[in-house]
Each structure stands twice: as structure tokens, then as C-alpha cells.
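We count residues from 1, following the sequence as given. Atoms considered below: every heavy atom in the structure, side chains included; atoms not considered: hydrogens, waters and symmetry mates.
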Amino acid sequence: MADKNLQKRSETRPTVRACCDVLENDGEITLKLEMPGVTKDGLNVNIDGDQLEIRGMRDVKRLEGGNYLIHEIREADFYQVYTIDETIDRNKIDASLKHGILTLKLGVKESQKPRKIEIAAK
């Protein structure tokens, strides 16, 4: 139901791309996306096959009384899709939202992690 509501709202509101950092470290890939004003309730993260889809809604309350001299903070919908390959373990994906930053941790399958081959000295 939330996806349908988001889709309807996106038709009348601007859709923007969140700024993103991607880091690979110790067999894990971390994505950090700036999504200011988005709450947990206004956020959907889905994975379907090789597509990781991120949707977020930012609602802005207009101030009452007075006239805006500048009004740049707008309602907006965030939308991004990432293609992930077979090295990502679909069961090891964690998401957290703190201070407008969405952090996704994507676990890499154990069989895909690099490993050092020990050399036996004879």
C-alpha cells in the first residue's frame, strides 16, 4: 500500500537522486545515502533479483503566519536503483537511518570473499 501511495505522490512532486558514498571493506559493501527529512516511515528499501531499490519521501511542513521571503526547502521523493551482482548475500543486508543518512550494509558471500593462499615451505 505504501508503494502505491508513494507512486501517486511522485507524479506530483519532484523526484531527486540522493548523494551516495559506496565503500568496500572487509567483505562488506556499505552504501551511505543523504536523505534529509526522510523518516523511517517514509522509506522503502527492496531487493528483487539483482535490483536494489531505494525510495524515500520528504514531507515539509509550511510555517504558518507571515510571508516567505525565501522558500527553497521543498517536499521531494528520493528514488534510486542499484544493480547488485551474485557476490552479494541477499540474506545479509542491513539498513539503518540516522540524522538523514541511510546506511545499507551489503554482505558479500563467503565463497566470493578474497582469501590469502598460504604457501607451504619445503
Side-chain angles (χ1 to χ4, degrees):
M1 184 67 162
D3 282 339
K4 288 181 183 178
N5 289 337
L6 180 62
Q7 213 164 22
K8 287 178 186 174
R9 291 178 71 176
S10 292
E11 294 169 4
T12 60
R13 297 160 38 123
T15 300
V16 296
R17 183 170 167 77
C19 294
C20 180
D21 286 345
V22 180
L23 173 73
E24 182 179 12
N25 189 17
D26 294 330
E28 183 175 77
I29 296 174
T30 302
L31 285 81
K32 287 189 173 242
L33 296 99
E34 286 184 337
M35 302 181 92
V38 174
T39 65
K40 180 182 173 188
D41 293 335
L43 189 60
N44 287 310
V45 179
N46 297 306
I47 188 162
D48 186 12
D50 65 349
Q51 300 293 302
L52 176 64
E53 181 181 67
I54 302 162
R55 291 180 179 268
M57 298 183 300
R58 174 176 64 204
D59 292 321
V60 176
K61 303 267 190 258
R62 289 187 59 98
L63 298 175
E64 297 296 323
N67 296 315
Y68 277 97
L69 300 176
I70 299 173
H71 182 54
E72 296 179 336
I73 302 172
R74 305 277 186 204
E75 292 183 335
D77 296 326
F78 294 90
Y79 178 74
Q80 277 171 251
V81 175
Y82 295 94
T83 301
I84 55 176
D85 63 19
E86 68 282 345
T87 63
I88 301 299
D89 187 340
R90 271 69 172 157
N91 296 317
K92 289 187 179 179
I93 299 177
D94 295 313
S96 63
L97 180 67
K98 185 176 181 180
H99 302 300
I101 304 291
L102 173 64
T103 302
L104 297 169
K105 294 190 179 276
L106 310 172
V108 176
K109 291 179 183 175
E110 289 296 322
S111 62
Q112 301 295 325
K113 289 182 182 176
R115 66 182 181 93
K116 183 176 179 162
I117 307 297
E118 295 297 326
I119 301 170
K122 294 185 181 184

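- Connectivity analysis of hydrophobic side chains (ILVMFWY, heavy atoms under 4.5 Å, direct or indirect) links Y79 to V81.
- Surrounding CG of D85 are more than 12 heavy atoms belonging to other residues, nucleotides or ligands, all under 6.0 Å away.
- Side chain of R90 to backbone of I88: a donor-acceptor contact under 3.5 angstrom is found.
- Taking 4.5 Å as the limit, every side-chain heavy atom of V45 sits out of range of all side-chain heavy atoms of I93.
- No donor-acceptor pair under 3.5 Å is formed between the side chain of K32 and the backbone N or O of I101.
- We find the CD-CG distance between E53 and N44 to be 8.5 Å, quoted to the nearest 0.5 Å.
- Annotation: side chain of T87 is not in contact with side chain of K109 (no heavy-atom distance under 4.5 Å).
- Of all the heavy atoms in M35 and F78, the pair that sits closest is CE-CB, 3.3 Å.
- Note that the CG atom of L106 and the CD atom of E24 stand 10.5 Å from one another [nearest 0.5 Å].
- Judged purely by distance below 3.5 Å, without hydrogens or angles, the side chains of D41 and T39 never pair a donor atom with an acceptor atom.
- Across all non-hydrogen atoms, the minimal contact from C20 to Q80 is CB-NE2, 4.4 Å.
- Between V38 and L102 there is no side-chain heavy-atom pair separated by less than 4.5 Å.
- Taking OG1 of T103 as the reference point, atom CG of D94 lies at 11.0 Å (rounded to 0.5 Å).
- To the nearest 0.5 Å, atoms CZ (R58) and CZ (R74) are separated by 10.5 Å.
- Looking at heavy atoms from C-beta onward, I29 lies out of side-chain contact with I84 at the 4.5 angstrom threshold.
- With a 4.5 Å cut-off between side-chain heavy atoms of Ile, Leu, Val, Met, Phe, Trp and Tyr, the cluster of V60 takes in I73.
- Among residues two or more places apart in sequence or in another chain, the ring-ring contact (aromatic ring centres under 6.0 Å, His included) test is passed with H71 by Y68.
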